[in-house]
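Down below is the structure, laid out as structure tokens.
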Amino acid sequence: MINFNALNREQRDAVRCVKGPVVVVAGAGTGKTRTIAYRTAHMLEVGIEPGAILAITFTNKAAREMRERISAMVGFDTCTDITISTIHSLCARILRDDIDKVGRDTSFTIFDTSDQVGIIRKALAKHGFDPRKNEPRALQFGISTLKNIYPPVDVDDIADPVMSRVFPTYNKMLEDNNALDFDDLLLFAIRVLDIPECRDRYRERFRYVMVDEFQDINDIQYGIVRRLVGKRSNIYVVGDDDQSIYGWRGAVVDNFLNFEEDFAGAREVKLERNYRSTGVILEASGAVIENNEKRRRKKLWTSGKAGDPIGMIEALDEQDEATLVIDCIVGDKQRLNMKYGDFAILYRTNAQSRVFEEKLVRMGISYILIGGTRFFERKEIKDMTAFLRVMHNPEDETALLRVINYPPRGIGATSLDRIRDAALEARRPLFHCLEYAVHSDNIPKKARKGVARFLEVIEAARQKLKAGGLATAGKFIVDELDIENAVRKSYSDRNEADRRFMNVEEWINSLIEYESNEPKPTIEGYLENVALMTDEQEVDTELKEDSITMMTVHSAKGLEFHTVFIVGAEEKLLPHEKSIQDGSIDEERRLFYVAMTRARRKLYISYAAERRRYGETQPRITSRFVGEIPEELFSYQSVKDIEERRLESGKKLASTSLKRIAMMLED
DNA sequence: TCACACCAATTTTTT
DNA sequence: ATTGGTGTGA
């Protein structure tokens with residue numbers, strides 16, 4: 001039996017809503033996850049089957065956390081029957097079952113960003129465009145933006161001459177690879193859900209739909225949700241418009257602001273009592289976010305103490321910033337008897353983590369880095385995964401080309417071109433033509449042998465997979481092809497080579513882990529996890545307690561820490577230069593707000609007088625958001641000795657920053 | 001065909 | 001500062 005006394009009045013209201021459309025406006029730190037967990041338990045208590053509940057989250061981390069919380073309340077076994085997943089994973093699962101209804105093969109591969117960039121390069125080449133003038137990465141972003149417009153844009157309406165040619169070619173290439181990109185997962189899911197019998201089947205199954213972080217949903221995602229919900233209207237959305245930070249991905253806050261228009265008679269519950277942060281942090285973050293116009297008005301309050309002032313850290317440059325921040329952490333830890341796990345360093349861009357990493361490594365302080373170049377995006381890991389992709393989906397030409405000559409086995413560009421011509425002529429996927437290539441006499445003997453060897457290894461690996469499972473097959477490939485040697489050859493630096501090969505070993509570990517965690521492990525299941533990164537390497541709690549967490553503000557959403565450092569609070573960084581250019585300052589402000597509200601007890605904000613970028617030093621200006629915080633709420637952490645430190649380090653600052661620091665010293 | 005050297009561009013944020 | 005992509009010579 002649920003103890004309703006453990007909740008405040010607003011939370012109770014929110015928990016009791018089981019049927020019909022409901023929108024919960026949950027400010028930062030108002031016990032949102034708790035409310036969701038209680039509501040789920042309540043639903044089960046009134047007799048709703050766990051299998052009928054679908055909870056959609058925005059990130060994998062959020063999904064995992066929600067599952068933990070619900071599991072703690074209703075028990076692990078019941079919880080496994082509840083579908084809790086990101087919208088992308090949900091769509092992938094729908095498509096594994098039903099994409100054949102819209103004319104595609106169910107053994108499709110999911111292409112990640114670098115796979116996409118790869119085929120965009122080829123598409124550019126095919127149309128004779130210069131990849132240096134038309135940056136593939138920018139095009140990839142453009143294509144994604146295009147695919148996230150709903151209803152879809154007619155190809156004939158694309159004004160840009162490059163895009164109008166590349167876009168269809170890109171899509172055709174995906175299809176030829178029997179592959180989908182992230183956006184296709186959603187687009188094809190919509191097509192499947194537009195087939196009445198499919199739609200009805202899913203509606204029958206998911207009778208209660210909940211969407212977390214609803215303020216970040218875009219029109220396509222909303223389209224999927226609406227198709228799933230149907231007329232029954234058991235939709236429960238939770239969100240906070242002040243924390244909408246994915247506008248660049250097509251998120252439309254209006255969907256949240258106007259929810260009542262789409263679902264007539266929707267109930268609104270506001271959670272405004274904050275349990276997380278001190279009065280100072282709430283007041284400061286409130287003062288910042290108030291500068292945004294378009295929002296559902298709400299005022300967070302707490303019955304707790306005002307707490308410490310916000311610590312402002314002024315640094316000479318990014319090196320100095322890292323030193324000061326880490327010193328501050330070490331000091332606080334000792335003084336207040338804390339653990340490293342109580343601290344988080346948040347930054348706007350992943351690149352900022354490097355300086356901190358280097359310093360922490362040197363000082364022997366352990367840290368957890370979230371995001372960045374993710375494990376599965378590393379070259380050596382992509383190579384290994386490509387073998388699995390070829391085994392599973394031979395039409396995945398991108399993966400095939402990646403490994404057909406890796407490690408080098410005498411198959412050069414010329415031979416490949418010839419085989420590919422043959423494939424094109426025979427209108428068969430490249431892989432099927434490899435067998436013919438082995439006997440073809442217009443291909444060098446060395447290359448023929450190489451192809452034969454490649455086919456042999458793939459076939460043998462398939463056998464291993466059948467007989468001994470994924471990890472066995474993976475280990476086989478690594479051993480059989482002497483990947484260790486291949487890795488060492490491509491990195492002359494010993495340490496680098498060691499690290500890279502350790503990653504490969506870690507990859508085998510990931511296979512073993514997947515097999516032991518999954519009730520029904522399959523190769524497509526594994527590849528799906530990799531592509532959607534469902535399987536973020538779980539850090540064991542012991543390590544977590546004694547490590548500083550570092551991540552972007554984006555990935556910090558939904559998390560909280562005792563002490564938070566927002567670093568690089570400078571114009572052109574936070575707010576980011578790009579956002580200043582296209583006038584999306586409001587979103588940057590929300591980002592700053594999200595960062596501030598991650599802190600429970602203590603918040604530090606740091607900025608530097610100059611910063612190196614591409615090896616060049618530029619003067620920096622403190623972020624406008626810092627100026628929006630009432631002065632009485634903060635104290636300077638290190639202003640007294642900044643001049644001293646400058647002299648000590650013998651550093652000459654760019655004149656503007658010197659002037660700025662001199663002014664600050666006068667205050 | 002491969003290894004090495006040089007050159008260029010990179011830095012938003014996630015699935 | 002790093003990294004990947006391209007070009008050249010063996």
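The shown structure was predicted, so the numbers you read here are calculated from the model rather than taken from an experiment. Throughout, protein chains are lettered first and strands after them, A, B, ... in sequence-line order, and every chain is numbered starting at 1.
When the salt bridge (charged side-chain N to carboxylate O under 4.0 Å, His left out) test is applied to A:Arg612, no partner is found at least two apart in sequence or on another chain. Partners of A:Asp115 by salt bridge (charged side-chain N to carboxylate O under 4.0 Å, His left out), not counting sequence neighbours, listed by chain and number: A:Lys382, A:Arg389. With sequence neighbours excluded, no residue satisfies side-chain hydrogen bond (donor to acceptor under 3.5 Å, both in side chains) with A:Asp482. Shown here are the salt bridge (charged side-chain N to carboxylate O under 4.0 Å, His left out) partners of A:Arg93, two or more places apart in sequence or in another chain: there are none. Take A:Leu455 and apply the side chain to side chain contact (heavy atoms under 4.5 Å, CB included) test, not counting sequence neighbours, and it matches A:Phe431, A:Leu434, A:Glu435, A:Val438, A:Val451. A:Asp98 pairs by the side-chain hydrogen bond (donor to acceptor under 3.5 Å, both in side chains) definition with A:Lys101, A:Arg201, A:Tyr202, not counting sequence neighbours. Taking the salt bridge (charged side-chain N to carboxylate O under 4.0 Å, His left out) definition, one finds that A:Glu577 meets it with A:Arg613, sequence neighbours left out. Shown here are the side chain to side chain contact (heavy atoms under 4.5 Å, CB included) partners of A:Thr169, two or more places apart in sequence or in another chain: A:Ala123, A:Lys126, A:His127, A:Met173.
Side-chain proximity of A:Ser415 to the nucleotides B:dT15, B:dT1, B:dT13 is greatest for B:dT1. If you check B:dT11, B:dT14, C:dA1 against the side chain of A:His576, the one that comes closest is B:dT11. Of the listed nucleotides (B:dT13, B:dT15, B:dT11), B:dT13 has the atom at the smallest distance from the side chain of A:Trp248. The A:Arg612 side chain lies nearest to C:dA1 when the options are C:dA1, B:dT15, B:dT13.
For A:Glu357 and A:Arg354, the salt-bridge test fails: no basic side-chain N is under 4.0 Å from an acidic carboxylate O.
As a whole-Å value, the separation of A:Leu416 CG from B:dT1 P is 9 Å. The CD atom of A:Gln140 sits 13 Å away from the C1' atom of B:dT13 (whole-angstrom rounding). Nucleotide B:dT13 holds its C1' atom 12 Å from the CD atom of A:Gln352, rounded to whole Å. Atom CG in A:Leu187 sits roughly 18 Å away from atom P in B:dT15 (whole-Å rounding). In this structure, the CD atom of A:Glu318 is 17 Å from the P atom of B:dT11, given to the nearest Å. One atom, CD of A:Glu213, and another, P of B:dT13, lie 19 Å apart when rounded to the nearest Å. For the pair A:Phe141 CZ and B:dT11 C1', the computed distance is 14 Å after rounding to whole Å. When rounded to the nearest whole Å, the span between CG of A:Leu573 and P of B:dT11 equals 14 Å.
Nearer the 5' end of DNA chain B, as judged by each residue's closest nucleotide, is the contact made by A:Ala447, out of A:Ala447 and A:Thr349. Nearest-nucleotide mapping onto DNA chain B: of A:Phe58 and A:Lys578, the residue sitting toward the 5' end is A:Lys578.
In this structure, A:Ser244 contributes its side chain and A:Asp240 its backbone to no donor-acceptor pair below 3.5 Å.
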Set out, line by line, the N/O atom pairs under 3.5 Å between protein and nucleotides 2-6 of chain B.
residue : atom : partner  : partner atom : Å
B:dC2   : OP1  : A:Gly410 : N            : 3.0
B:dC2   : OP2  : A:Asn405 : ND2          : 3.2

Pull out every protein N or O sitting under 3.5 Å from an N or O of nucleotides 2-10 of chain C, one pair per line with the distance.
none

Only pairs under 3.5 Å count here: list side-chain donor-acceptor contacts from residues 405-414 of chain A, not counting sequence neighbours, and write none if there are none.
residue  : atom : partner  : partner atom : Å
A:Asn405 : OD1  : A:Arg409 : N            : 2.7
A:Asn405 : OD1  : A:Gly410 : N            : 3.4
A:Asn405 : OD1  : A:Ile411 : N            : 3.2
A:Asn405 : ND2  : A:Ile411 : O            : 3.0
A:Arg409 : NH1  : A:Val403 : O            : 3.1
A:Arg409 : NH1  : A:Ile404 : O            : 2.4
A:Arg409 : NH2  : A:Tyr406 : O            : 3.1

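Looking at residues 550-557 of chain A, you'll see A:Thr552, A:His554, A:Ser555 sit with a heavy atom under 4.0 Å from some atom of DNA chain B.
Using a 4.0 Å cut-off, some side-chain N or O of A:Thr414 falls inside it from OP1 or OP2 of B:dT1.
Judged by ring centres under 5.5 Å apart and planes tilted less than 30 degrees, A:Tyr246 fails to stack against the six-membered base ring of B:dT13.
In this structure the side chain of A:Ile56 never reaches within 4.5 angstrom of the side chain of A:Asp212, judged on heavy atoms.
A:Asn350 comes within contact range of the sugar-phosphate backbone alone, with a heavy-atom separation under 4.0 Å but no base atom that close.
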